Amino acid sequence: MLEKTYEPANVEARIYEQWQEAGAFKAGAGAKPGAETFSIVIPPPNVTGSLHIGHALNNTIQDILIRFERMRGKDVLWQPGTDHAGIATQMIVERQLMERQQPGRREMGREKFLERVWEWKAESGGTILNQLKRLGASADWSRERFTMDEGLSEAVRKVFVTLYEKGLIYRAKRLVNWHPGLETAISDLEVENIETNGKMWHLRYPIEGSTETITVATTRPETMLGDVAVAVHPDDERYKHLVGKHVILPIVGRRIPIIGDEYADPELGSGAVKITPAHDFNDFEVGQRHNLKPINIFTTTAKLNNSVPEAYRGLDRFEARDKVLAELEASGVLVWVDDKKIMVPYDEKSKQVVIEPFLTDQWFVKAEILAAPALASVREGRTKFVPKQYENTYYAWMENIKPWCISRQLWWGHQIPAWYGPRLNTDPDFNNRDAGPKCFVADSEVEAIAQAQAYYGARKIEVYSGGVNAPDYAKAMLSFETTQRDRLNADTWNMRKHKDPFAELSDSKVPLHRDEDVLDTWFSSALWPFSTMGWPSQTPELAKYYPTDVLVTGFDIIFFWVARMMMMGLEFTGTEPFHTVYMHALVRDEKGQKMSKTKGNVIDPLKLVNEYGADATRFTLAAMAAQGRDMRLAISRVEGYRNFVTKLWNAARFLEMNGCVRIEGYDPRDNKLALNRWIVGSTARAAAAVTAAISDYRFNEAANAAYDFVWGTFCDWYIELAKPVFTGEDEAAKAETQATAAFALDQILKLLHPFMPFITEELWAETGKTGPAREKLLIISEWPELAGLEDPEAQAELDWLVALISGIRSVRQEMNVPAGAKVKLLVVGAGAETGTRLEANLSALTRLARLDSVDYTSDVPRDSAQLILGEATFVLPLAGVIDLDAERGRLKRDIAKEQSEIDKIDKKLGNEQFLAKAAEEVIEEQRTRREESLERLKRLQEALSRLS
RNA sequence: GGGUGUAUAGCUCAGCGGGAGAGCACUACCUUGACAUGGUAGGGGUCACAGGUUCAAUCCCUGUUACACCCA
């Protein structure tokens with residue numbers, strides 16, 4: 001016999017093990033022959049991360065879809081894996097080194113450091129996937145992938161090389177968002193602009209050869225050390241005469257021009273702006289238009305470099321600000337200060353570090369070209385977003401997409417497959433200062449050397465793996481220079497010019513070094529739907545499961561990830577990677593705040609699983625997953641669904657105790673009893689509702705439909721009504737009810753399985769111990785197909801019975817009849833149908849309404865409570881118990897209610913417009929309702945008159 | 001500044017052009033042979049505000065307010 005309560009902790013691990021042993025998660029498990037496929041790729045979590053509530057929601061939804069489609073007989077693949085998460089992972093390991101007071105990554109060197117990261121990955125990489133297993137995720141773990149696996153890395157290199165060859169990836173010196181803490185470039189998306197209380201400082205610059213001054217306003221006074229111009233609007237009458245003159249930059253003493261440029265807004269501040277092209281995105285463009293050379297005043301850690309006066313060198317940017325202001329104030333340059341709300345760019349992860357626009361060489365993707373087909377896909381409906389409103393978000397971003405900076409000055413990630421060498425003096429770009437070194441982009445070093453060989457002719461080539469900092473590299477470079485009249489002009493090159501004759505070349509080796517940088521993590525994530533299936537090889541999995549069906553994700557990574565998968569998928573496979581993008585809500589805390597580690601308001605899903613079980617946790621998330629709305633997670637909901645799990649358990653326990661065993665060859669169509677015909681029909685309706693809702697990604701409706709049916713119908717009414725049958729004498733009725741109950745429970749287990757996989761599988765096994773042997777585990781059994789089993793006649797009868805019992809109970813409570821007391825029931829004015837129904841359901845009625853007799857009468861005793869149902873009046877003679885005033889009050893209240901209902905309907909039916917314009921069935925419905933109300937009103941008035 | 005979303009019971013949230021719902025909380029009663037993680041009955045809402053469309057608006061439209069988020 002089943003235990004009294006279900007203990008998830010004792011069951012979940014065992015069940016999960018069973019599924020795995022049975023190979024139930026494997027791609028194609030349980031599929032019907034020739035079935036259509038259904039595939040989902042997991043949004044790969046950070047390999048060293050741990051499960052948060054968003055993951056729990058995300059994966060619960062995927063698992064619901066996967067289990068549902070698997071049971072529907074499709075050939076299902078849920079592709080799992082993890083992401084190397086470049087910045088996050090590298091930061092964790094660096095922090096570890098610091099905490100343990102071990103040498104930092106630069107002291108360790110790249111190779112040693114990467115070893116450490118791999119060690120850390122090996123150590124903690126399984127954590128999050130194990131946590132997903134605790135939740136019940138039925139992914140095909142045998143196909144687990146990692147973005148830095150050899151196969152996926154090959155895909156990354158292939159994509160990089162191909163895009164480079166097509167001119168869609170390029171290297172350029174541009175202003176990028178620079179993280180001075182991590183000393184790397186980051187993408188626009190990784191910057192969060194936060195409104196801050198700042199100041200606007202007004203600086204008065206002296207004009208050369210004049211007593212005039214020009215006042216500029218700035219929120220970042222320290223950058224004035226890098227000013228190269230002052231701009232005014234060309235049409236600004238105040239300043240027209242100054243354009244072409246020069247300003248002597250205070251502190252620095254540099255002579256800089258006053259230029260006319262429309263960027264200067266006459267309405268804003270003084271109308272004149274300082275131009276610092278190396279440290280402001282707008283200024284950079286102004287600088288380019290006017291051919292001004294940017295002056296970079298910062299180091300990679302945002303300290304002042306050697307381009308500023310000596311007193312400022314080595315200062316942090318914020319220290320420098322104070323010092324600059326002090327000096328400007330002392331010299332009278334600082335005129336006044338305003339308070340101003342300003343947008344400060346912060347690192348979007350930590351929100352601690354101020355991001356600096358910084359001029360560096362980086363790799364970029366021409367996203368604007370890749371975006372065009374990806375936009376068309378959504379516009380033309382080949383990929384749909386659910387909810388649809390996210391399509392607008394997608395359009396807005398994609399239409400204004402900027403070049404994607406993909407290089408990161410990190411070590412953990414896919415190293416960029418580009419090798420650099422010196423330019424030959426025969427190279428057309430030999431004298432182009434901006435061209436940088438000669439670049440060879442290739443799948444492998446061997447291939448890069450082959451390309452280099454073609455370029456350098458017969459000269460020997462040597463690759464230096466430590467990049468420009470390798471010990472022998474500078475020497476080799478110098479040696480090459482001595483044999484080649486060369487000019488190596490990139491800033492990082494930093495090599496001396498040498499003018500030796502070209503003839504001696506044959507003896508020296510050409511030094512090559514590989515790009516030290518790695519790719520943005522999202523570059524490899526963008527390939528995930530096809531790289532995990534073996535691309536660029538044309539594997540059978542790729543042919544079968546790609547494109548995938550649904551992508552389930554949060555809207556916060558629609559740009560980071562979804563858009564980029566669309567672009568890469570279309571570019572490299574010619575097809576959309578998925579036809580539907582389901583965007584689930586953000587899980588917030590009870591105050592509606594976004595959960596984050598730094599805020600410390602995180603709800604740990606594993607704690608929920610431990611305390612309430614995986615099934616309750618999953619069911620809660622599903623039940624709250626309404627489309628287009630964030631969810632505030634309340635623990636009380638989890639508790640409620642834990643109770644639901646217990647309820648289901650006990651229902652099964654009750655059936656077990658009452659011999660409800662599945663019968664070989666049972667056909668629900670043969671049922672005689674209305675009770676059984678009704679529950680089968682209700683099950684069919686519930687199954688249809690759940691199926692429709694999941695198919696439509698309305699997970700909350702699916703969960704609620706199942707919940708209402710199981711608790712509100714099956715447990716509250718079917719089981720209660722079946723009790724008298726089980727204890728009764730009618731063996732045939734008992735047998736039919738037992739078989740039907742077992743059948744209905746089977747359907748319930750199936751319907752609930754996608755939401756609550758553990759308890760349903762456990763009960764499937766328990767109920768499989770009697771009756772015909774189970775052929776397979778529930779996870780791979782067939783989804784209910786019960787269309788056509790609905791039974792309106794039985795439905796009407798049971799609706800009537802339920803109303804009668806509820807009515808009697810209500811009267812009893814209101815009249816304060818003790819719960820244990822049994823009362824007589826008299827029936828007045830019953831027609832034939834009521835008679836038949838009463839006859840058929842006598843024992844159930846007697847038991848559930850706690851009656852001791854049911855009799856027909858025409859004489860209603862005084863001191864009775866009366867209940868109207870259909871044409872009949874049901875009378876409870878309660879002499880001595882009843883409070884007549886209370887009963888009269890009750891009837892009057894009901895009469896008033898009916899009267900107001902009738903009045904409302906009469907108003908409508910009396911309205912010619914309504915009769916003319918409303919739909920026929922609406923009018924008919926109003927008439928019917930009026931009839932019914934009138935009938936009830938009449939009976940109620942009769943009932944009232946009997947009391948006076 | 002531009003955009004999107006939300007506003008329904010004390011709380012967390014569904015729903016919907018024609019009769020206001022769930023869970024939790026609350027009140028009363030009930031150790032009824034599955035379940036007190038339960039049962040029965042109940043109280044509780046001008047469906048944010050103001051206009052409009054409609055025979056009919058909590059629902060559609062417009063505006064306002066508040067909150068949340070996205071983009072600049």
Side-chain angles (χ1 to χ4, degrees), chain A residues 1-6 188-189 192-193 281 343 387 389-393 395-397 400 555-556 558-559 585-586 588 590-594 612-613 616 620 623-658 660 698 700-701 703-704 707-708 711-712 715-716 719-720 722-723 726-727 805-822 847-850 897 900-901 904-905 907-919 921-923 925-926 929 932-933:
Chain A
M1 220 218 350
L2 292 171
E3 297 296 319
K4 195 166 165 183
T5 40
Y6 171 68
D188 306 353
L189 290 173
E192 183 173 335
N193 292 298
F281 285 97
M343 298 303 278
Q389 77 235 24
Y390 287 111
E391 292 181 3
N392 290 328
T393 312
Y395 295 146
W397 190 71
N400 294 296
F555 63 84
D556 48 332
I558 182 168
F559 309 139
L586 213 61
R588 296 171 180 282
E590 62 282 355
K591 283 178 256 159
Q593 298 277 311
K594 209 166 163 173
Y612 301 103
T620 307
M624 296 186 76
Q627 282 180 17
R629 184 162 167 159
D630 291 347
M631 62 170 84
R632 297 191 195 189
L633 192 62
I635 301 292
S636 60
R637 292 292 291 266
V638 188
E639 230 173 76
Y641 292 120
R642 186 269 323 265
N643 296 351
F644 178 52
V645 168
T646 310
K647 187 76 180 177
L648 174 66
W649 183 260
N650 276 295
R653 185 161 171 262
F654 174 81
L655 297 194
E656 184 184 52
M657 289 165 65
N658 285 279
C660 299
R698 289 177 283 116
N700 59 322
E701 287 182 30
N704 285 328
Y707 180 99
D708 287 346
W711 199 321
C715 292
D716 285 351
I719 288 184
E720 292 305 321
K723 281 175 181 174
F726 292 146
T727 52
I805 293 169
S806 300
I808 295 172
R809 282 169 171 172
S810 188
V811 168
R812 290 177 56 118
Q813 294 259 353
E814 209 155 341
M815 293 300 128
N816 292 314
V817 177
K822 296 198 169 174
R847 181 179 169 127
L848 269 61
R850 313 222 104 222
K897 220 166 86 189
S900 98
E901 177 70 16
K904 248 161 67 181
I905 296 173
K907 212 174 135 193
K908 274 188 189 172
L909 289 173
N911 183 340
E912 282 176 32
Q913 296 285 347
F914 174 72
L915 293 178
K917 297 191 177 169
E921 59 269 25
V922 172
I923 298 172
E925 192 200 335
Q926 296 291 326
R929 259 195 351 234
E932 287 165 2
S933 280

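Letters A, B, ... mirror the listed sequences (proteins, then strands); counts begin at 1. Hydrogens, waters and symmetry mates are skipped; everything else that's a heavy atom, side chains included, is used. Everything numeric here is computed off the predicted structure, so don't read it as measured data.
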message: Quick check: do A/Y612 and A/I635 have side-chain heavy atoms less than 4.5 Å from each other?
response: yes
- prompt: So A/F654 and A/C715, side-chain contact (heavy atoms from CB on, under 4.5 Å) or not? Walk me through it.
  reply: CA-CA 10 Å; A/F654 174 81; A/C715 292; over 6 Å; no
query: How far, in whole Å, is B/G15 from B/U65 if one measures between their P atoms?
result: 27 Å
task: Fit a plane to each ring of A/F555 and A/Y390, take the angle between them on a 0 to 90° scale, and name the class: parallel (under 30°), tilted (30 to 60°) or perpendicular (over 60°).
output: parallel
- prompt: To the nearest angstrom, how far is A/Y390 atom OH from B/G5 atom C1'?
  reply: 8 Å
field: Side-chain ion pair, A/E925 and A/R929, N-O less than 4.0 Å
entry: yes
message: Applying a 4.0 Å non-hydrogen cut-off, can you work out what A/S810 is touching in the nucleic acid: base, sugar-phosphate, or nothing?
response: sugar-phosphate
message: Without decimals, in angstroms, what is the distance between A/N700 CG and B/G23 P?
response: 16 Å
task: Describe the nucleic acid contact of A/D716 in one word from base, sugar-phosphate, nothing, applying a heavy-atom distance below 4.0 Å.
output: sugar-phosphate
query: Do A/K907 and A/K904 have side chains that get closer than 4.5 Å, going by heavy atoms?
result: no
message: Check this for me, if you would: do A/K723 and A/E720 make a salt bridge, where the nitrogen-to-carboxylate-oxygen distance has to be below 4.0 angstrom?
response: yes
task: Determine the Euclidean distance between corresponding C1' atoms of B/G1 and B/U8; express it in Å to zero decimal places.
output: 33 Å
- prompt: Expressed as a whole number of Å, how far does the C1' atom of B/A22 sit from that of B/G45?
  reply: 14 Å
message: What is the separation between atom CE on A/M343 and atom P on B/C71, rounded to the nearest whole Å?
response: 10 Å
query: At under 4.0 Å between heavy atoms, what does A/I719 touch on the DNA or RNA strands: base, sugar-phosphate, or nothing?
result: base
- request: Would you please confirm or rule out a distance under 4.0 Å between OP1 or OP2 of B/A56 and any side-chain N or O of A/K907?
  value: no
Hey, what are the protein-to-nucleotides 26-33 of chain B N/O distances that come in under 3.5 Å?
none

query: Heavy atoms under 4.0 Å, any strand shown: does A/A623 hit a base, just sugar-phosphate, or nothing?
result: nothing
task: Please state the C1' separation for the pair B/A14 and B/C61 - nearest whole angstrom.
output: 24 Å
- prompt: Does the side chain of A/I808 reach to within under 4.5 Å of the side chain of A/R850, using non-hydrogen atoms?
  reply: no
message: Using a 3.5 Å limit for the pairing distances, which stems of at least 3 consecutive Watson-Crick or G-U wobble pairs does RNA chain B take part in?
response: B:1-7 with B:65-71, B:10-13 with B:21-24, B:26-30 with B:38-42, B:48-52 with B:60-64
- prompt: Is there a side-chain polar atom (N or O) of A/N643 under 4.0 Å from OP1 or OP2 of B/G38?
  reply: yes
message: A/V922 vs A/F914, test: side-chain contact (heavy atoms from CB on, under 4.5 Å). Steps then yes/no.
response: CA-CA 10 Å; A/V922 172; A/F914 174 72; 4.2 Å; yes
field: Minimum-distance nucleotide to A/K4 side chain [options: B/A36, B/C69, B/G38]
entry: B/A36
message: Looking at every heavy atom in both A/V638 and A/A616, which two are closest together, and how far apart are they?
response: O-CB, 4.1 Å
- prompt: Out of curiosity, A/E639 CD to A/T620 OG1, how far, rounded to the nearest 0.5 Å?
  reply: 10.0 Å
field: P gap between B/U62 and B/U53, integer Å
entry: 15 Å
- line: Residue set satisfying ring pair (Phe, Tyr, Trp, His ring centres under 6.0 Å) with A/F559, at least two apart, ordered chain then number -> A/W397
query: Can you tell me how far P in B/A48 sits from the matching atom in B/G10, rounded to whole Å?
result: 13 Å
message: Taking B/U40 as the reference, what is the distance to B/A34 when you measure between their P atoms (whole Å, please)?
response: 14 Å
Out of B/C55, B/A34, B/G5, whichever nucleotide has its closest atom nearest the side chain of A/N911: B/C55
query: Yes or no on side-chain contact (heavy atoms from CB on, under 4.5 Å) for A/M657 and A/L2, after CA distance, side-chain angles and deciding distance?
result: CA-CA 9 Å; A/M657 289 165 65; A/L2 292 171; over 6 Å; no
query: Going by modelled atom types, is there a donor-acceptor pair between the base of B/U37 and the side chain of A/R642 at under 3.5 Å?
result: yes
task: Could you tell me whether A/T646 contacts a base, only the sugar-phosphate backbone, or nothing, with contacts defined as non-hydrogen atoms closer than 4.0 Å?
output: base
- prompt: What does A/E720 touch in the nucleic acid at a heavy-atom separation under 4.0 angstrom: a base, only the sugar-phosphate, or nothing?
  reply: base
Touch class at under 4.0 angstrom, heavy-atom based, for A/Y6 against every strand present: nothing
message: Need one value for A/R929: base, sugar-phosphate or nothing, where a base atom within 4.0 Å counts as base even if backbone is also close, heavy atoms only.
response: base
task: Find which nucleotide of RNA chain B each of A/R653 and A/E932 is nearest to by heavy atoms, and output the residue with the more 5' nucleotide.
output: A/E932
field: Given B/U12, B/A41, B/C55, the nucleotide with the shortest approach to the side chain of A/S806
entry: B/A41
message: Looking at A/W711, I'd like to know whether one of its side-chain N or O atoms comes within less than 4.0 Å of OP1 or OP2 on B/G39.
response: yes
- prompt: Nearest-Å distance, CG (A/N400) to P (B/A72)?
  reply: 9 Å
- request: Show your reasoning for whether ring pair (Phe, Tyr, Trp, His ring centres under 6.0 Å) applies to A/Y641 and A/Y707.
  value: CA-CA 9 Å; A/Y641 292 120; A/Y707 180 99; 5.5 Å; yes
- request: Can you tell me, in whole Å, how much space there is between the P of B/C59 and that of B/C16?
  value: 13 Å
message: Both A/Y641 and A/D188 contact RNA chain B. Taking the nearest nucleotide for each, which residue is further toward the 5' end?
response: A/Y641
message: Just to be sure I understand the rule, does A/A918 reach a base, reach only the sugar-phosphate, or reach nothing, if contact means heavy atoms closer than 4.0 Å?
response: base
- prompt: Rounded to whole angstrom units, what separation is found between the CD atom of A/E639 and the P atom of B/U12?
  reply: 16 Å
message: Output the rounded distance in Å from CG (A/L648) to P (B/G38).
response: 14 Å
- prompt: With respect to the phosphate group of B/C24, does any side-chain polar atom (N or O) of A/R637 fall under 4.0 Å of OP1 or OP2?
  reply: no
- line: note: A/K647, atom NZ; B/A22, atom P; distance rounded to Å ~ 17 Å
- prompt: Choosing from B/G19, B/A34, B/G23, which nucleotide comes nearest the side chain of A/N658?
  reply: B/A34
message: From CG of A/D556 over to C1' of B/C70, roughly how many Å is that when rounded to an integer?
response: 11 Å
